[in-house]
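Please read these numbers as outputs of a predicted model, since none were measured by experiment.
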Amino acid sequence: MKIFITIFCYISAVAGLLTSVMDASHKPADTTSAIVAGVLGVAFLLGGIALTRKPRY
């Protein structure tokens with residue numbers, strides 16, 4: 001289950017960051033949705049990284 005959630009986080013991070021770039025590059029730029037997609041992408045990326053780190057004892 002943890003592996004499935006980790007993969008979902010990484011895929012969502014890539015999708016969010018790509019959506020952010022695509023929204024920001026259109027003319028006129030849709031800044032609000034670009035910022036929201038970017039923040040969600042970074043949040044999912046951090047979640048995926050947190051799930052893949054090995055615990056330190």
Side-chain angles (χ1 to χ4, degrees):
M1 187 68 169
K2 182 180 173 183
I3 294 171
F4 173 75
I5 294 171
T6 303
I7 292 170
F8 174 77
C9 284
Y10 280 125
I11 292 172
S12 297
V14 170
L17 293 174
L18 285 177
T19 303
S20 175
V21 170
M22 294 302 290
D23 285 345
S25 66
H26 285 146
K27 301 289 184 214
D30 192 4
T31 324
T32 305
S33 70
I35 291 172
V36 170
V39 168
L40 287 175
V42 169
F44 276 116
L45 181 64
L46 293 176
I49 290 171
L51 287 170
T52 55
R53 288 183 52 98
K54 297 198 185 308
R56 294 183 184 183
Y57 297 109

*Assess whether side chain to side chain contact (heavy atoms under 4.5 Å, CB included) is satisfied between Leu17 and Val42, documenting all intermediate values.*
CA-CA 7 Å; Leu17 293 174; Val42 169; 4.2 Å; yes
Please check: side-chain N/O of [X] versus main-chain N/O of [Y], any donor-acceptor pairing under 3.5 Å?
X: Ser20; Y: Gly16; value: no
X: Ser25; Y: Met22; value: yes
X: Thr6; Y: Gly48; value: no

_Rounded distance [0.5 Å steps], CD1 in Ile35 versus CG in Leu40_ = 12.0 Å
*Return each pair, listed once, that meets ring-ring contact (aromatic ring centres under 6.0 Å, His included) where at least one residue sits in residues 20-41; pairs must be two or more places apart or across chains.*
none
*Applying ring-ring contact (aromatic ring centres under 6.0 Å, His included), which residue pairs with at least one partner in residues 28-47 are found, sequence neighbours left out?*
Phe8-Phe44
*If you look at every heavy atom in Ala13 and Leu45, which pair is closest and at what distance?*
CB-N, 3.5 Å
*Sequence neighbours left out, what pairs pass side chain to side chain donor-acceptor pair (under 3.5 Å) with at least one residue falling in residues 41-52?*
Tyr10-Thr52
*May I ask you to test the Leu51-Ile3 pair for a side-chain heavy-atom distance under 4.5 Å?*
no
